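Heads up, the thing below is written out as structure tokens.
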Protein chains: 2
Amino acid sequence: MADLNTISSQPQPAGHSPPPREPIWDLIELLFFAYRDFVSDADDALATLGFGRAHHRVLHFVNRNPGVKVADLLEILRITKQSLGRVLKPLVDEGYVVQREGSTDRRQRLLYITQAGAALAMMLARLQTDRISGALAQLGPDAHATARTFLVAMLDADGRADVLRIVERARSGGVSRP
Amino acid sequence: MADLNTISSQPQPAGHSPPPREPIWDLIELLFFAYRDFVSDADDALATLGFGRAHHRVLHFVNRNPGVKVADLLEILRITKQSLGRVLKPLVDEGYVVQREGSTDRRQRLLYITQAGAALAMMLARLQTDRISGALAQLGPDAHATARTFLVAMLDADGRADVLRIVERARSGGVSRP
DNA sequence: GTATTTAGGTCAGCCATATTGACATATTTT
DNA sequence: AAAATATGTCAATATGGCTGACCTAAATAC
């Protein structure tokens, strides 16, 4: 597998700002195909429950950020209140997410995952993790760090700090369970 | 950056089928955010022309596979004839793609990029390539090969050969120009 | 203590991109 | 001549976005 790789990026004449090189066609296409396959695992599992990709995203970030405010979720997902409402409602109605009044600010409807929601989110994360760890296994010893470095560098420079805060925050596990 | 990485995949007790490890939350989330930012470059550029992501995909694969058959494009993109028709028509009408009768099989409408189409496809590929090469620069010496290995390993095992054929085929540059 | 702002919800309508099923036409194959 | 193939198209539907408008309840400002 590793032998059909060094294709594009002909050696650049050193010391120049690189002249209009050839586009990196293979990675452009592979990003498309790989991402499509990556999300298809969860898509298929969710379809059997009548949910879609949008529900998955909400479920995921509520699971990773218990007690998240609606406004924060809108910012993370970069969607509108209306779009969130349409996918959040079924998740609440079917018992995957609950909303609780904020204790200091009672206008807020903080979002928490239920046990059923956590189980579903974990099942979907399993599918994605299996694929990712299979791919990491094809890389060297620092596979996880390398993949992370690459993906972080692919982010918009602007929003990079925000995204890293989200990815980090999710580790500490925001607020308590309801 | 490299020091907050080794989170998941605790050393497995050897000889077991791995017990339910923790999901790789950071890479799951980074794939979402990175892909969103990755496609946003082209999305924004296309929006000014009244095109969307679907048009981009058609434009890209016609550009990379001149003379491609409609049926092949449907297979590559995994969409239906109807969906293709809706995005292909504007591309033809506005002079980015042309259709020519197949020379051996006159039922076929082989798809070719025009000069304007090639220029647009190249401009979009530039945007994506700039982002990718910026990210590769954060990696070690075998950055391109490493990224490719990772992405190929992320593909469905089933379709992997097909995808690799597509990615390879695009290099040789299918048929002639119209 | 009223006025304004904020957090969230909701209604109505629109757009882009996908789907299915049915059918039509031209051409090739059997 | 009949059947299969390549492509196109009509109609209807689903999903997941969007905007604009408007509502309630609660917090904050004056």
Side-chain angles (χ1 to χ4, degrees), chain A residues 32 35-36 39-40 42-62 67-93 97-112 175, chain B residues 32 35-36 39-40 42-62 67-93 97-112 175:
Chain A
F32 167 65
Y35 191 77
R36 180 170 73 180
V39 292
S40 73
D43 280 357
D44 295 348
L46 286 158
T48 71
L49 299 171
F51 292 140
R53 204 175 294 182
H55 303 89
H56 185 195
R57 295 202 277 258
V58 172
L59 188 76
H60 172 93
F61 284 105
V62 171
V68 69
K69 284 189 296 179
V70 167
D72 290 342
L73 205 46
L74 296 181
E75 215 185 316
I76 291 173
L77 298 176
R78 283 198 214 151
I79 57 175
T80 59
K81 229 180 347 178
Q82 295 83 340
S83 298
L84 176 61
R86 195 154 25 83
V87 293
L88 179 56
K89 204 169 201 307
L91 288 172
V92 171
D93 289 349
V97 172
V98 290
Q99 297 170 285
R100 296 184 68 194
E101 236 175 33
S103 53
T104 68
D105 186 337
R106 286 172 35 234
R107 290 171 306 182
Q108 298 173 343
R109 296 297 128 86
L110 306 183
L111 302 174
Y112 295 88
V175 196
Chain B
F32 168 63
Y35 192 78
R36 179 170 71 180
V39 292
S40 73
D43 281 357
D44 295 348
L46 286 158
T48 73
L49 298 172
F51 291 141
R53 202 175 295 181
H55 304 89
H56 185 194
R57 295 201 278 259
V58 171
L59 188 76
H60 171 94
F61 283 105
V62 171
V68 68
K69 283 189 296 179
V70 167
D72 290 342
L73 205 45
L74 296 181
E75 214 185 319
I76 291 174
L77 298 176
R78 284 198 216 149
I79 57 176
T80 58
K81 230 179 346 177
Q82 295 82 343
S83 299
L84 175 62
R86 192 158 26 81
V87 293
L88 179 56
K89 205 168 200 304
L91 288 172
V92 171
D93 288 349
V97 172
V98 290
Q99 298 171 283
R100 296 184 67 193
E101 235 175 33
S103 54
T104 67
D105 186 338
R106 283 170 39 235
R107 290 170 305 180
Q108 297 173 344
R109 294 299 126 87
L110 307 184
L111 302 174
Y112 294 89
V175 197

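The structure presented is a predicted model; accordingly, all values stated were derived computationally and were not measured. Naming: A, B, ... by sequence-line order, numbering from 1 per chain.
Per the geometry, CG belonging to B/L88 stands 14 Å off C1' belonging to D/dA6, to the nearest Å. Across the protein-nucleic acid pair, A/I79 atom CD1 and D/dT15 atom C1' stand 13 Å apart, rounded to whole Å. Atom CZ of B/R109 is separated from atom P of D/dT9 by 10 Å (rounded to the nearest Å). Regarding B/L84, its CG atom lies at a distance of 15 Å from the C1' atom of C/dA16, rounded to whole Å. As a whole-Å value, the separation of A/R36 CZ from C/dT17 P is 16 Å. The CG atom of A/D43 sits 12 Å away from the C1' atom of D/dG16 (whole-angstrom rounding). Put simply, CD on B/Q108 is 16 Å from C1' on C/dT25, counting in whole angstrom units. Here the P atom of nucleotide D/dG16 and the CG atom of A/L74 are 16 Å apart, to the nearest Å.
Using a 4.5 Å cut-off on side-chain heavy atoms (C-beta onward), A/F61 and A/L77 make contact. When side chains are defined from C-beta on, A/L88 counts as touching A/L111, because their heavy atoms get closer than 4.5 Å.
Here B/R53 lies in heavy-atom contact (under 4.0 Å) with sugar-phosphate atoms only.
Considering every non-hydrogen atom in both B/T48 and B/A45, the closest pair reads OG1-O, 2.8 Å.
Both B/K89 and A/R86 sit near DNA chain D, but only B/K89 has its closest nucleotide nearer the 5' end. Nucleotides of DNA chain D nearest to A/E101 and A/G52 differ in position, and the one nearer the 5' end is that of A/G52.
Distance from the side chain of B/H55 is smallest for C/dT17 among the nucleotides D/dG8, C/dT10, C/dT17. Relative to the side chain of B/A54, the nucleotides C/dT17, D/dA27, D/dG16 differ in distance, and C/dT17 lies closest.
For D/dT5, its base sits under 3.5 Å from the side chain of B/R107 at one donor and acceptor pair at least. Put simply, the side chain of A/R106 and the base of D/dA27 share no donor and acceptor less than 3.5 Å apart. Residue side chain A/Q82 reaches the base of D/dG20 through a donor-acceptor N/O pair under 3.5 Å, judged by distance alone.
Taking the six-membered ring for Trp and thresholds of 30 and 60 degrees, A/H55 and A/F51 have ring planes inclined between 30 and 60 degrees apart.
Distances shorter than 4.0 Å separate some side-chain N or O of B/Q99 from OP1 or OP2 on D/dG8. Look at A/S83 and you won't find any side-chain N or O under 4.0 angstrom from OP1 or OP2 of D/dG16.
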**Asked** So B/R57 and B/I79, side-chain contact (heavy atoms from CB on, under 4.5 Å) or not? Walk me through it.
**Response** CA-CA 11 Å; B/R57 295 201 278 259; B/I79 57 176; 5.8 Å; no
